[in-house]
Amino acid sequence: MAAIIEITDITTPELDLFARLTEAQLRNRLEPEKGVFIAESPKVIRLALDAGHIPVALLMERRHIEGQAKDILERCGDIPVYTADRHVLASLTGYPLTRGVLCALRRPKLPTVEAICRDARRVAVLEGIVDTTNVGAIFRSAAALHMDAVLLSPTCCDPLNRRAVRVSMGTVFQIPWTRLAEDHTQWPETGLRRLHDLGFETAAMALSDTAVSIDDPKLKAVQRLAIILGTEGDGLAHETIAGCDHTVCIPMSHGVDSLNVAAASAVAFWELRVR
């Protein structure tokens with residue numbers, strides 16, 4: 001049974017998980033098996049639990065103990081549940097809690113690229129995307145619009161960042177993902193070769209005079225396709241584009257040259273899905 005702990009001192013070290021540790025400290029890169037991430041809101045927490053993630057502690061408004069978080073407490077065993085009124089929690093975290101509940105969970109061991117790509121026909125590959133809102137939105141589109149997995153370059157932000165998890169609406173727990181490489185020296189050359197060895201053709205989403213339109217029939221006919229999206233400002237690296245089988249663009253009008261990467265991902269995933 002969960003241990004309900006009334007917060008009387010917001011400086012207590014047990015609350016550091018929710019308020020004072022940076023994202024890097026939560027990841028605990030030196031000992032990743034001890035790392036945690038934060039899920040926010042009952043819906044997202046339920047999806048994390050459904051995916052098998054192990055809860056460590058909960059922080060919630062007092063009214064949710066017998067309210068919308070009651071079923072979550074029943075699933076979480078004897079972990080500590082820290083509680084107080086809304087204004088106390090806002091003074092602790094520095095922001096109002098989304099729907100009044102946070103959960104700290106153990107970081108999972110990431111699967112291998114080979115494991116999540118074994119039966120995949122369409123995968124999204126994210127290169128150097130550091131904006132957490134964009135990463136969360138891309139994961140939501142990938143899950144909704146028929147991608148089989150998401151692969152990350154070494155310089156992509158962490159999909160288990162609190163904001164990325166929230167923006168994704170928990171889809172980071174519903175679609176398989178992993179890092180295509182841990183070392184920046186392994187991308188793009190080694191990473192692209194790895195994709196090719198797994199049987200994928202690669203499509204770089206980029207502005208280029210030689211790019212084909214996203215509705216080109218030959219793209220839709222590709223059996224296994226990796227759709228590669230670049231960082232918000234500069235787009236994909238020249239080396240990445242040069243190493244891909246196809247360069248693909250979304251036709252624009254009214255003098256607009258490109259879409260935000262999250263919006264472009266949704267168009268690309270839908271248009272290039274397996275029919």
Side-chain angles (χ1 to χ4, degrees), residues 27 32 35-55 103 105-182 187 191 194-195 198-203 205 222-232 260-275:
R27 286 197 302 272
V36 299
F37 67 93
I38 305 297
E40 184 176 353
S41 87
K43 177 180 178 178
V44 172
I45 294 167
R46 290 186 190 104
L47 288 172
L49 296 175
D50 290 345
H53 296 290
I54 300 171
C103 185
L105 301 106
R106 289 283 175 214
R107 293 187 67 86
K109 181 179 179 180
L110 291 180
T112 65
V113 174
E114 289 72 17
I116 68 171
C117 288
R118 185 172 295 119
D119 300 316
R121 299 273 307 276
R122 294 290 186 268
V123 298
V125 180
L126 312 187
E127 177 186 270
I129 300 177
V130 297
D131 184 279
T132 54
T133 299
N134 280 336
V135 167
I138 292 169
F139 264 80
R140 189 172 183 181
S141 292
L145 300 175
H146 311 289
M147 293 297 103
D148 298 311
V150 178
L151 303 174
L152 310 175
S153 80
T155 54
C156 268
C157 89
D158 179 20
L160 295 181
N161 171 283
R162 182 185 66 83
R163 183 183 294 275
V165 171
R166 178 167 60 81
V167 172
S168 82
M169 291 299 292
T171 53
V172 294
F173 310 126
Q174 295 176 297
I175 185 169
W177 65 273
T178 195
R179 292 202 177 266
L180 191 53
E182 288 293 341
W187 180 263
R194 194 174 186 183
L195 288 168
L198 289 168
F200 286 94
E201 293 186 32
T202 49
M205 298 298 300
V222 173
Q223 290 299 301
R224 306 187 83 192
L225 186 66
I227 302 164
I228 305 178
L229 298 139
T231 186
E232 297 84 357
N260 164 273
V261 66
S265 75
V267 175
F269 298 160
W270 174 253
E271 185 64 35
L272 297 175
R273 72 194 188 280
V274 174
R275 298 302 202 270

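Among residues at least two apart or in separate chains, side-chain hydrogen bond (donor to acceptor under 3.5 Å, both in side chains) pairs with a member in residues 261-275 are Lys220-Glu271. Screening residues 106-138 for ring pair (Phe, Tyr, Trp, His ring centres under 6.0 Å) gives no qualifying pairs among residues at least two apart or on separate chains. Sorted by first then second residue, the salt bridge (charged side-chain N to carboxylate O under 4.0 Å, His left out) pairs that include residues 149-158, not counting sequence neighbours, are Arg107-Asp158.
For Trp177 (side chain) and Val172 (main-chain N/O), a donor-acceptor pair under 3.5 Å exists by modelled atom type. Between the Thr202 side chain and the Ala226 main chain, no donor and acceptor come within less than 3.5 Å of each other.
Annotation: side chain of Asp148 is not in contact with side chain of Val274 (no heavy-atom distance under 4.5 Å). Side-chain contact check for Ile116 versus Leu151: some heavy-atom pair is nearer than 4.5 Å. Residues Arg179 and Cys156 are in side-chain contact: their nearest non-hydrogen atoms beyond the backbone lie under 4.5 Å apart.
In this structure, the separation between CG on Leu198 and CZ on Arg224 is 6.5 Å, given to the nearest 0.5 Å. Rounding to the nearest 0.5 Å places CD of Gln174 at 10.0 Å from CZ of Arg140.
Listed by chain and residue number, His53, Leu105, Phe173 satisfy the side-chain contact (heavy atoms from CB on, under 4.5 Å) test with Ala48 (two or more places apart in sequence, or in another chain). By the salt bridge (charged side-chain N to carboxylate O under 4.0 Å, His left out) test, Glu201 is found to be paired with no residue, residues two or more places apart in sequence or in another chain being considered. Under the salt bridge (charged side-chain N to carboxylate O under 4.0 Å, His left out) criterion, Arg194 pairs with Glu114, not counting sequence neighbours. Every residue two or more places apart in sequence or in another chain was checked for a side chain to side chain donor-acceptor pair (under 3.5 Å) with Thr171, and none qualifies. Taking the salt bridge (charged side-chain N to carboxylate O under 4.0 Å, His left out) definition, one finds that Arg46 meets it with Asp71, sequence neighbours left out.
Of all heavy-atom pairs spanning Leu160 and Pro108, the tightest one is CD1-CD, 3.8 Å. Closest of all the heavy-atom pairs between Ile175 and Ala143 is CD1-N, 3.9 Å. Taking every heavy atom of both residues into account, Ala115 and Thr112 meet most closely at N-OG1, 3.0 Å. Residues Pro159 and Val165 come closest through the heavy atom pair O-CG2, 3.4 Å. In this structure, Leu180 and Gly191 approach most closely via the heavy-atom pair CD2-O, 4.0 Å. Residues Ala39 and Val44 come closest through the heavy atom pair CB-CG1, 4.0 Å.
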Between side-chain atoms of residues 117-125 and protein atoms elsewhere (two or more places apart, or another chain), which donor-acceptor pairs fall under 3.5 Å?
residue : atom : partner : partner atom : Å
Arg121  : NE   : Gln223  : O            : 2.7
Arg122  : NE   : Leu272  : O            : 2.6
Arg122  : NH1  : Val222  : O            : 3.1
Arg122  : NH1  : Gln223  : O            : 3.3
Arg122  : NH2  : Val222  : O            : 2.9

Table please: side-chain donor-acceptor pairs of residues 127-139 below 3.5 Å, with sequence neighbours left out.
residue : atom : partner : partner atom : Å
Glu127  : OE1  : Trp187  : NE1          : 2.6
Glu127  : OE1  : Thr240  : OG1          : 2.4
Glu127  : OE2  : Ala237  : N            : 2.9
Asp131  : OD1  : Thr133  : N            : 3.0
Asp131  : OD1  : Asn134  : N            : 2.9
Asn134  : OD1  : Asn260  : ND2          : 3.3
Asn134  : ND2  : Glu232  : OE2          : 3.1

>> Pair Met205, Ile227 - check side chain to side chain contact (heavy atoms under 4.5 Å, CB included), show working.
In response: CA-CA 7 Å; Met205 298 298 300; Ile227 302 164; 3.9 Å; yes

